[in-house]
Amino acid sequence: MTNLVAALNAAQQEAVTASAGPVLVVAGAGTGKTRVLTTRIAWLLAESKLHPAQIIAFTFTNRAAREMRSRVADLVGAESSPYWIGTFHATGLKILRAHGDRLGLERNFTIYDTDDSLRTLKRVAGELGVDVKQISPPLVRGLISRWKNEDCGPAAAAAGAHGHIEEQAARLYTAYEEQLRACNALDFDDLILRTVHLLEQHDDVRLHYAGRFQHVLVDEFQDTNPLQFILIKALASEHGNIFAVGDDDQSIYSWRGASIANMLNFEEFFPGTRLLRLEQNYRSTGLILRAANAVIAHNRQRKGKNLWTSGAEGERLRIVSCVDAEEEAASLVTAVQAELTRDLKRSDLTVLYRTNAQSRLLEDALRRATIPYLIVGSVHFYERREVRDLLAYLKLVANPRDLVSALRVINTPRRKLGDVTVGRLAELAAREDLTLGEAATRPGLLEEQLPPAAARRVRAFFSMVAAWRAAEPETAVPSLLERIIAEIDYLQHLAATDADSASDRGENVAELVNAAHAFHEASGGGRLAQFLEQVALISDQDALTDGEGAVRLMTIHTAKGLEFPVVFITGCEDDLLPHASSVWEDHLLEEERRLFYVALTRARRRVYLLHAGRRRRAGVYEPSLASRFLREIPAELVAGAAEAAARPALRQPAASEAAWEADVYHDEIHYYAGQTVLHSTFGSGVVARVEGSGDNLLVTVEFNDHGRKQVLPKYAPLRPLD
DNA sequence: CTGGTCCCCGTTTTT
DNA sequence: CGGGGACCAG
């Protein structure tokens, strides 16, 4: 199997062929991390004669799982590829579906996503009389999530709670857990937490898995949280063959409970660990790497490494200073258009930002310039109201105890079942320990509390649901969905609710139906429960990505793991990148710096760094300073302004000083033959000829050191020296 | 119970 | 500036 590793460099080979036992590979951005993981799997299968079922690999995103699966399949063939390659959540789910009964879980449990959890929490807060103005449900949800990720139950949370807010949150946590149990539902964190409990409390189950999996592989190990690490350790508890790949410099999820300590202390957890480093980068130009190295060197919390490349130095990074965020958007468009006149496709260009809110302005500008663009993974398809409504119907069909879904759709479309009626129904059901549907069909029960007309309407709704449920076993998922849409006259409901958005929302409904058809075909007639599972764990970077001809826009977080020829990093300003909430504490600031590092290292060839002197926040202009991270990039790596102008862009206010760079991008410079100009790469020269105008302006320059060149000022800035 | 109005608040990042 | 929730008048 030498051909497997022949094309790898020495460090990669060492990692791929490492002997059994704990291995930690510190793999910098673009050093072939995925390649090492996939080749390692192939190598294990071939060399150690392992069966595919003896290998388990974890990723963080579905996208990464899919890529790993397909690349392993390329190496060993689809038939011999491991079955257990997936995200932590998906893998937990798989295990819980198989053995959850040992924890008292019913087989058809529902997965509650963030929104479902929040609704549950709000309802519980109402019941407990907790003031949601004082104790905000999203905050509590965050706390509960953190507790769960530290394997801390309601009792322990209450015991360790500090202050009023945490005490109240712990109280809500208790009630929330009871609610989930009553609804036969698990939230995202439970998928891992319960799996851990299952393995801890039932040794036969632990042995079943830990005995079977001979090798545990983990991608993006720096993003694991303590709970995920416990899961990994449990699965590796029999043999200790753990192969983790990560980059401490790309740890950007500590807010989600990820602990860089897992990475920094790996060797303590696993004595005898082989520590390997991948530092040769195959992605970016030398200058981009030098910039990234220089920036990240300011962090103290790191293992330390230095990326290098044997490839070209490439072009310097370009800082684009703008007066305000509107101008930043305009400059982006100009730069994008300039790039498109080179040999690049729109999909080679990617625009990054810190917060989703920044995209609106950029989108507006791109739209005005009729440049096709694609937002990757912001408002998730499955989070749209119309999609969630319909999914709630399906969830209610699949799980009669799903209270959140029942409450969501009982009066959508309007059925004259308002808060009062529904509240009384819920009370009756709780009192009798019944589901809403059972309470509704129990003879005479509704009449205790409800007027006859209301009781009739409630019954009508639940008999409709019951009919769907009865039909479900022999109905294909897409047919069931179409039937529901027709019977509740949902498209009519959309039109009546908001005529403007009805057609967009209608398209989303159609898209959901398409997804159901696609699922039906792909799964060979899979059941409703499977469909809902798949939907629950998918985030739709996976769903709608036919953006070949579009410029991509996404958050830096979303961009992790991807690479692009040209990257535009927008909003390089203090209080945005680094984010305002993170500048006051060192370890938070370091995470922001890692984020910036991730952004830089996405680029293969060119990087644009845009920033604005002011930006609207909540409708009001606020002044913005250039990001401190820009100052951490050595001046000689930055194009144009670097030498002569000493980067005026980095000072504030930028109004007059920013004009120079703004000029470059706004093409307000008039060139003429005989003019002396300065080029960022070729140095100084004399203009020989000027042709064309606007975007097509072509200037022929006789450079002092590089001879005669034709230059498009649009993308190769020329600074007049006269 | 519905539909309208008003006001508040906000924004970090995601499985 | 925009969305969502609270509140009030039919």
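What you are looking at is a predicted structure, and each value in this text was computed from that prediction instead of being measured. The sequence lines fix the lettering, A, B, ..., with proteins before strands; numbering per chain opens at 1.
- Taking atom CG of A:L595 as the reference point, atom P of B:dT14 lies 10 Å away to the nearest angstrom.
- When rounded to the nearest whole Å, the span between NE2 of A:H557 and P of B:dT11 equals 16 Å.
- Remark: A:D586 engages no residue in a side-chain hydrogen bond (donor to acceptor under 3.5 Å, both in side chains) (not counting sequence neighbours).
- Among the protein residues, A:S581 comes within range of the nucleic acid bases, having at least one heavy atom under 4.0 Å from a base atom.
- Under a 4.0 Å N-O distance rule, the pair A:R388/A:D116 qualifies as a salt bridge.
- Remark: A:R194 pairs with no residue by the side-chain hydrogen bond (donor to acceptor under 3.5 Å, both in side chains) rule, at least two apart or across chains.
- Between A:N356 and B:dT11, a side-chain N or O to OP1/OP2 separation shorter than 4.0 Å is absent.
- A centroid separation of less than 6.0 Å is found between the aromatic rings of A:F221 and A:F229.
- Atom CG of A:L577 and atom P of B:dT13 are 13 Å apart (whole Å).
- Nucleic acid contact class of A:K560 (heavy atoms, under 4.0 Å, all strands): none.
- Between the P atom of B:dT13 and the CZ atom of A:R146 lies a distance of 19 Å, rounded to the nearest Å.
- In this structure, the CZ atom of A:R360 is 12 Å from the C1' atom of B:dT11, given to the nearest Å.
- For the side-chain contact (heavy atoms from CB on, under 4.5 Å) with A:F58, the lone residue among A:T87, A:V216, A:T224, A:I85 that qualifies is A:V216.
- Reading DNA chain C from its 5' end, the first and the last nucleotide to sit under 4.0 Å from a heavy atom of chain A are C:dC1 to C:dG5.
- Going from atom CG of A:D189 over to atom P of B:dT15 covers 13 Å, rounded to whole Å.
- Residue contacts for A:F188: at a heavy-atom cut-off of 4.0 Å it reaches a base atom on one of the strands shown.
- Here A:L625 contributes atom CG and A:C572 contributes atom SG; the two are 13.5 Å apart, rounded to the nearest 0.5 Å.
- Of the candidate nucleotides B:dT14, B:dT15, B:dT11, B:dT14 has the atom lying nearest to any side-chain atom of A:T558.
- Defined by atom type and a distance below 3.5 Å, a donor-acceptor pair is present between the side-chain atoms of A:N108 and A:N184.
- Separating the CG atom of A:L576 from the C1' atom of B:dG10 is a distance of 14 Å, rounded to the nearest angstrom.
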Could you walk me through whether A:F629 and A:Y597 pass the ring-ring contact (aromatic ring centres under 6.0 Å, His included) test, one step at a time? CA-CA 9 Å; A:F629 299 151; A:Y597 175 80; over 10 Å; no
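- Salt bridge A:E591/A:R594: present, at least one basic N to carboxylate O contact under 4.0 Å.
- Between the CG atom of A:L118 and the P atom of B:dT14 there is a distance of 17 Å, rounded to whole Å.
- Residues satisfying the side-chain contact (heavy atoms from CB on, under 4.5 Å) criterion with A:R119, sequence neighbours excluded, are A:D115, A:V404, A:R408.
- By the 5.5 Å and 30° criteria, A:W255 is stacked with the base of B:dT13.
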How far apart are the C-alpha atoms of A:E67 and A:T38, what are their side-chain angles, what is the distance that settles it, and do they pass the side chain to side chain contact (heavy atoms under 4.5 Å, CB included) test? CA-CA 10 Å; A:E67 191 185 347; A:T38 52; over 6 Å; no
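- Annotation: proximity of residues 83-93 of chain A to DNA chain B (heavy atom, distance under 4.0 Å) is found for A:T87, A:H89, numbered in ascending order.
- Salt-bridge formation is detected for the pair A:E447/A:R459: a Lys NZ or Arg NE/NH1/NH2 atom is positioned less than 4.0 Å from an Asp or Glu carboxylate oxygen.
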Short heteroatom pairs, N/O only, protein and nucleotides 1-9 of chain B, under 3.5 Å:
residue: B:dC1; atom: OP1; partner: A:G418; partner atom: N; Å: 2.9
residue: B:dC1; atom: OP1; partner: A:T421; partner atom: OG1; Å: 2.8
residue: B:dC1; atom: OP2; partner: A:V420; partner atom: N; Å: 3.2
residue: B:dT2; atom: OP1; partner: A:K416; partner atom: N; Å: 3.3
residue: B:dT2; atom: OP2; partner: A:N411; partner atom: ND2; Å: 3.4
residue: B:dG3; atom: OP2; partner: A:R414; partner atom: NE; Å: 3.2

